[in-house]
Enquirer: 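Below is one structure. I have some questions about it.
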Amino acid sequence: MNNIEALAHQAVFGTAAKKQAARFEIWQLGIEAGIIPSSIHDLYIARGQGKLPNDFTVPAMNLRGMVYETARAVFQSAKKNNVGALICEIARSEMGYTAQPPAEYVAIVTAGALREGWSGPLFIQGDHFQAKAAAPGKPKEGEIETIQKLITEAIGAGFYNIDIDMSTLVELDKPEEAEQQVPNYTYSAQLAKLVRSLEPKGVTVSLGAEIGHVGGRNSTVTDLEAFMEGFEKALPAELTGISKISVQTGTDHGGKVLADGTLADIDVDFSILRDVTQVCQEKYQVGGAVQHGASTLPDEFFNQFAKFGALEVHLATGFQNILFEHPQFPEELKQEMYDYIDANHSDERKETQTDEQFHYKLRKKALGPFKQQLWEMPEENRAAIRQSLAERFEFFFKELNVVNTQEMVAEFVKPVVVEKTLEDFAISGEKIKDVKGLAD
């Protein structure tokens, strides 16, 4: 076993003391190799100020299953194509069902980059740090406190890019957008203040907000202006605001699954990305609009994101599909995972769902319980899956126009080395509550 691979395995499956030691060593090795957890804030603000063209879209990739192998595939392709403008992310909900706390995720993504010899600012992002609503405009009891704890843990682990998602609290029953967005911008500003208080010296965390709940009503420029006006008033003038805004354009997380398990066609309104990005930049000097729920769209859609000025696009389920549907994925293991879903998540099955629909939607919930079996799959199987993933990442890098962006990133992003000690990696609890949240 390669030394980096052995360290990564220990960082996930070792005793508490061995996890702590392995994660510390991976952090140190990463710094020595120039793989430095960083914020993409300055790159995005440069674009918001017109210092960069709107002709590239940064892929933000949710790595769920077989994360070490998937990270290797990301950085194998990134190194081959000189890609620096990329984000590896994980949502609050994903941390729960894949059993990946922030410190573990940072260690494994770093290990994947080390193994493939890639180096540069490493953008690790907390995706959909999202509040569940008890009623329109009102978060469930304890939700905000839970997100505050998660933000604290994530920044401490090296997540210097965080997407605050209070779009679930937007009150669409109100007549005016200014009223609809009040709970969204109020709680977003509250959490932004916390983020700014926790930043390591020299680091400005890249903060995103969200004006339209993915799978819901399409976003408008009026939504953006209502949110920004309230958010800027709620945030103290001396604090840095957001660098981007997520919108809804017609997509759905994971795609819309038909009865036979195939995906329905989706109509994406790319003009929303163009219009919101234009106002973000001209009125607020913010980088632009972010697209969620995109990885299962038809291939011919992807070059449209850069053409319409999308700043960032989130990709997840498509990579999970490559994993589960790969000819080298052991059928016996897949059946065990499906049996687990049937036995443990039947309460989440809708009456109208076929087996194909249910397994497609819920198989992500087996990734955590079967993490070790996936990790220890025979090398020949892992290598084949890794190669297919690398080819897919290369497709996205080319279609989103981020090939040869390492020099551009180096011009605007100056990594800050955050010094850590072994004690900073002490294991404490490491259980993210599994929520029925959404991430592509």
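Computed from a predicted model, the values in this text were never measured in an experiment.
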Enquirer: Might you point out which heavy atoms bring Tyr360 and Thr317 nearest each other, and give the distance in Å?
Expert: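 The answer is OH-CG2, 3.4 Å.
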Enquirer: Take Glu407 and Asn82 through the side chain to side chain donor-acceptor pair (under 3.5 Å) test and state the conclusion after the steps.
Expert: CA-CA 9 Å; Glu407 291 74 17; Asn82 194 35; 2.9 Å; yes
Enquirer: May I ask you to check whether over 12 heavy atoms, not counting those of Lys334, lie within 6.0 Å of atom NZ?
Expert: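 Enclosed: over 12 neighbouring heavy atoms sit under 6.0 Å from NZ of Lys334.
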Enquirer: State the CZ-CD1 distance between Phe129 and Ile151, to the nearest 0.5 angstrom.
Expert: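 Here the interatomic distance stands at 6.5 Å.
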Enquirer: Before giving the answer on side-chain contact (heavy atoms from CB on, under 4.5 Å), spell out for Ile147 and Tyr187 the whole-Å C-alpha distance, their side-chain angles and the decisive distance to 0.1 Å.
Expert: CA-CA 11 Å; Ile147 295 170; Tyr187 286 108; over 6 Å; no
Enquirer: What are the two closest heavy atoms between Ile211 and Ser167, and how far apart are they?
Expert: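 Shortest heavy-atom separation between Ile211 and Ser167 comes out as C-CB, 4.4 Å.
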Enquirer: For Gln357, does its backbone N or O pair with a side-chain atom of Thr354 as donor and acceptor, under 3.5 Å?
Expert: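 Present.
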Enquirer: Tell me whether Thr277 contacts the main-chain N or O of Arg274 through its side chain, where contact means a donor paired with an acceptor under 3.5 Å.
Expert: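 Pair absent, no side-chain N/O of Thr277 close to backbone of Arg274.
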Enquirer: Any idea how His292 and His314 line up, ring-wise: parallel (<30°), tilted (30 to 60°), or perpendicular (>60°)?
Expert: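 Aromatic pair His292/His314 classed tilted.
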Enquirer: Counting only N and O atoms by type, is there a donor-acceptor contact under 3.5 Å from the side chain of Gln320 to the main-chain atoms of Gly65?
Expert: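 Not confirmed, Gln320 side chain does not pair with Gly65 backbone.
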Enquirer: I'd like to know if Glu5 and Arg382 make a salt bridge, using a cut-off of under 4.0 Å between side-chain N and carboxylate O.
Expert: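 Salt bridge present between Glu5 and Arg382.
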Enquirer: What orientation do Tyr105 and Phe159 show, parallel under 30°, tilted 30 to 60°, or perpendicular over 60°?
Expert: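 Tyr105 and Phe159: tilted rings.
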Enquirer: Glu94 vs Leu367, test: side-chain contact (heavy atoms from CB on, under 4.5 Å). Steps then yes/no.
Expert: CA-CA 10 Å; Glu94 291 172 317; Leu367 292 171; over 6 Å; no
Enquirer: Show the nearest heavy-atom pair for residues Ile162 and Val205, with the distance to one decimal.
Expert: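 Of all heavy-atom pairs spanning Ile162 and Val205, the closest is N-CG1, 4.1 Å.
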Enquirer: Counting only N and O atoms by type, is there a donor-acceptor contact under 3.5 Å from the side chain of Ser39 to the main-chain atoms of Ser206?
Expert: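 Yes, because the side chain of Ser39 sits within donor-acceptor range (under 3.5 Å) of the backbone of Ser206.
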Enquirer: Which heavy atom of Val416 sits nearest a heavy atom of Ile36, and at what distance?
Expert: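 Shortest heavy-atom contact: O-CG2, 3.7 Å.
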Enquirer: Within a 6.0 Å radius of atom CD on Glu332, are there more than 12 heavy atoms belonging to other residues, nucleotides or ligands?
Expert: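 Result for CD/Glu332: open.
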Enquirer: Can you name the nearest heavy-atom pair linking Lys19 to Gly14, along with the distance?
Expert: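 For Lys19 versus Gly14, the nearest heavy atoms are CE-O, 3.3 Å.
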Enquirer: Check the surroundings of atom NZ in Lys18: do more than 12 heavy atoms from other residues, nucleotides or ligands lie under 6.0 Å from it?
Expert: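 For Lys18, atom NZ is not crowded (no more than 12 foreign heavy atoms under 6.0 Å).
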Enquirer: Does Thr57 use its side chain to pair, donor to acceptor, with the backbone of Ala306 at less than 3.5 Å?
Expert: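 Yes; at least one donor-acceptor contact below 3.5 Å.
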Enquirer: So, Asp299 and Arg392, do they make that salt bridge, N to O below 4.0 Å?
Expert: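 Result for this pair is yes, salt bridge flagged.
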Enquirer: So, Gln387 versus Glu391: side-chain donor-acceptor pair below 3.5 Å or not?
Expert: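 The answer is yes; a qualifying pair exists.
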Enquirer: Could you check whether Glu153 pairs with Lys149 (Lys NZ or Arg NE/NH1/NH2 to Asp/Glu carboxylate O, under 4.0 Å)?
Expert: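 Here Glu153 does not pair with Lys149 in a salt bridge, since their nearest N and O are not under 4.0 Å apart.
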Enquirer: In sequence, state the C-alpha distance, the side-chain angles, and the governing distance for Glu104 and Lys371, and then conclude on salt bridge (Lys or Arg N to Asp or Glu O under 4.0 Å).
Expert: CA-CA 13 Å; Glu104 177 183 309; Lys371 183 162 62 170; 2.7 Å; yes
Enquirer: Could you measure the distance from the CZ atom of Phe324 to the CG atom of Leu374? Nearest 0.5 Å is fine.
Expert: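 The CG atom of Leu374 is 7.0 Å from CZ of Phe324, to the nearest 0.5 Å.
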Enquirer: Report the distance from atom CG of Leu323 to atom CD1 of Ile385, rounding to the nearest 0.5 Å.
Expert: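 One gets 5.5 Å once the value is rounded to the nearest 0.5 Å.
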Enquirer: Does Lys414 NZ have over 12 foreign heavy atoms under 6.0 Å away?
Expert: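 Counting other residues, nucleotides and ligands, NZ of Lys414 exceeds 12 neighbours.
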Enquirer: Using the rule given for side chain to side chain donor-acceptor pair (under 3.5 Å), can you reason through Gln335 versus Glu331, listing the C-alpha separation, both sets of side-chain angles and the distance that settles it, and then say yes or no?
Expert: CA-CA 6 Å; Gln335 190 57 53; Glu331 282 297 325; over 6 Å; no
Enquirer: Looking at Val83, is its backbone amide N or carbonyl O close enough to the side chain of Trp118 to form a donor-acceptor pair, meaning the two atoms are under 3.5 Å apart?
Expert: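 Yes.
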Enquirer: Side-chain donor-acceptor pair under 3.5 Å between Gln291 and Thr249, yes or no?
Expert: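 Yes.
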Enquirer: Assign the ring pair Phe227 / Phe231 to parallel, tilted or perpendicular, where the plane angle (0 to 90°) is split at 30° and 60°.
Expert: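 Because their plane-to-plane angle is under 30°, the rings of Phe227 and Phe231 count as parallel.
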Enquirer: Can you check whether Ile4's main-chain N or O pairs, donor with acceptor, with Asn2's side chain at less than 3.5 Å?
Expert: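 Side chain of Asn2 to backbone of Ile4: a pair is present.
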Enquirer: Could you check whether Asp269 and Asn218, counting side-chain N and O atoms only, form a donor-acceptor pair closer than 3.5 Å?
Expert: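 The answer is no; no qualifying pair exists.
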Enquirer: Do Phe305 and Phe270 have ring centres separated by under 6.0 Å?
Expert: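 Between Phe305 and Phe270, the centre distance is under 6.0 Å.
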Enquirer: I'd like to know if the side chain of Gln328 reaches the main chain of Glu380, judged simply by a donor and an acceptor atom lying under 3.5 Å from each other, with no hydrogens or angles considered.
Expert: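 No, because the side chain of Gln328 does not come within donor-acceptor range (under 3.5 Å) of the backbone of Glu380.
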Enquirer: Between Glu312 and Arg47 (salt bridge meaning N to carboxylate O under 4.0 Å), is one present in this structure?
Expert: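 The answer is no: the pair does not qualify as a salt bridge.
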Enquirer: Supply the atom-to-atom distance Glu199 CD to Ile155 CD1, rounded to the nearest 0.5 angstrom.
Expert: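 If we round to the nearest 0.5 Å, Glu199:CD and Ile155:CD1 are 6.5 Å apart.
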Enquirer: Indicate yes or no for a side-chain donor-acceptor contact from Lys79 to the backbone of Ala113 under 3.5 Å, with no hydrogens or angles considered.
Expert: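 No, Lys79 side chain to Ala113 backbone: no donor-acceptor pair under 3.5 Å.
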Enquirer: Name the one of Ile35, Thr70, Leu122 that satisfies side chain to side chain contact (heavy atoms under 4.5 Å, CB included) with Phe75?
Expert: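 So the option named by the test is Leu122.
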Enquirer: What do the steps show when you test Met95 against Arg92 for side-chain contact (heavy atoms from CB on, under 4.5 Å), and what is the final call?
Expert: CA-CA 5 Å; Met95 291 179 191; Arg92 173 192 172 190; 5.5 Å; no
Enquirer: Which value, rounded to the nearest 0.5 Å, describes the distance between Leu169 atom CG and Ile144 atom CD1?
Expert: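 Rounded to the nearest 0.5 Å, the CG-CD1 separation comes to 6.5 Å.
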Enquirer: Using modelled atom types and a 3.5 Å cut-off, is there a donor and acceptor pairing between side-chain atoms of Asn161 and backbone atoms of Ile40?
Expert: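 Answer holds: yes.
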Enquirer: Per the side chain to side chain contact (heavy atoms under 4.5 Å, CB included) rule, which among Glu210, His128, Gln125 passes with Asp163?
Expert: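 Result: among Glu210, His128, Gln125, Gln125 is the only option passing the side chain to side chain contact (heavy atoms under 4.5 Å, CB included) with Asp163.
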Enquirer: For residues Phe123 and Val409, determine if any side-chain heavy atom of one lies less than 4.5 Å from a side-chain heavy atom of the other.
Expert: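 Yes. Closest side-chain heavy atoms under 4.5 Å.
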Enquirer: Would Ile90 and Thr98 satisfy side-chain contact (heavy atoms from CB on, under 4.5 Å), going step by step from the backbone distance to the final call?
Expert: CA-CA 10 Å; Ile90 186 167; Thr98 67; 4.0 Å; yes
Enquirer: Are Leu7 and Leu29 close enough that some pair of their side-chain heavy atoms sits under 4.5 Å apart?
Expert: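 Contact flag for Leu7/Leu29 side chains = yes.
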Enquirer: Salt bridge check: are Lys132 and Glu143 linked by an N-O gap of less than 4.0 Å?
Expert: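 Between Glu143 and Lys132 there is no salt bridge, as every charged N stays at least 4.0 Å from the carboxylate O atoms.
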Enquirer: Looking at every non-hydrogen atom in both residues, tell me the closest pair between Glu348 and Phe358 and how far apart they are.
Expert: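 That would be C-CE1, 4.3 Å.
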Enquirer: Is the shortest distance from a Lys or Arg side-chain nitrogen in Glu116 or Arg386 to a carboxylate oxygen in the other one below 4.0 Å?
Expert: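 A salt bridge is absent here (no side-chain N lies under 4.0 Å from a carboxylate O).
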Enquirer: Once you round to the nearest 0.5 Å, how far does CH2 of Trp27 lie from OG1 of Thr421?
Expert: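 Spacing of CH2 (Trp27) from OG1 (Thr421) equals 11.5 Å.
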Enquirer: Hey, mind stepping through Arg349 and Asp355 against salt bridge (Lys or Arg N to Asp or Glu O under 4.0 Å) and telling me if it holds?
Expert: CA-CA 9 Å; Arg349 183 168 185 157; Asp355 286 345; 2.6 Å; yes
Enquirer: So if I apply the ring-ring contact (aromatic ring centres under 6.0 Å, His included) rule between Phe396 and each of Phe319, Phe301, Phe56, which one comes out positive?
Expert: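 Exactly one option meets the ring-ring contact (aromatic ring centres under 6.0 Å, His included) with Phe396, and it is Phe319.
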Enquirer: Is the number of heavy atoms from other residues, nucleotides or ligands under 6.0 Å of Glu379 CD greater than 12?
Expert: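 Yes - once you tally the heavy atoms of other residues, nucleotides and ligands closer than 6.0 Å, there are more than 12.
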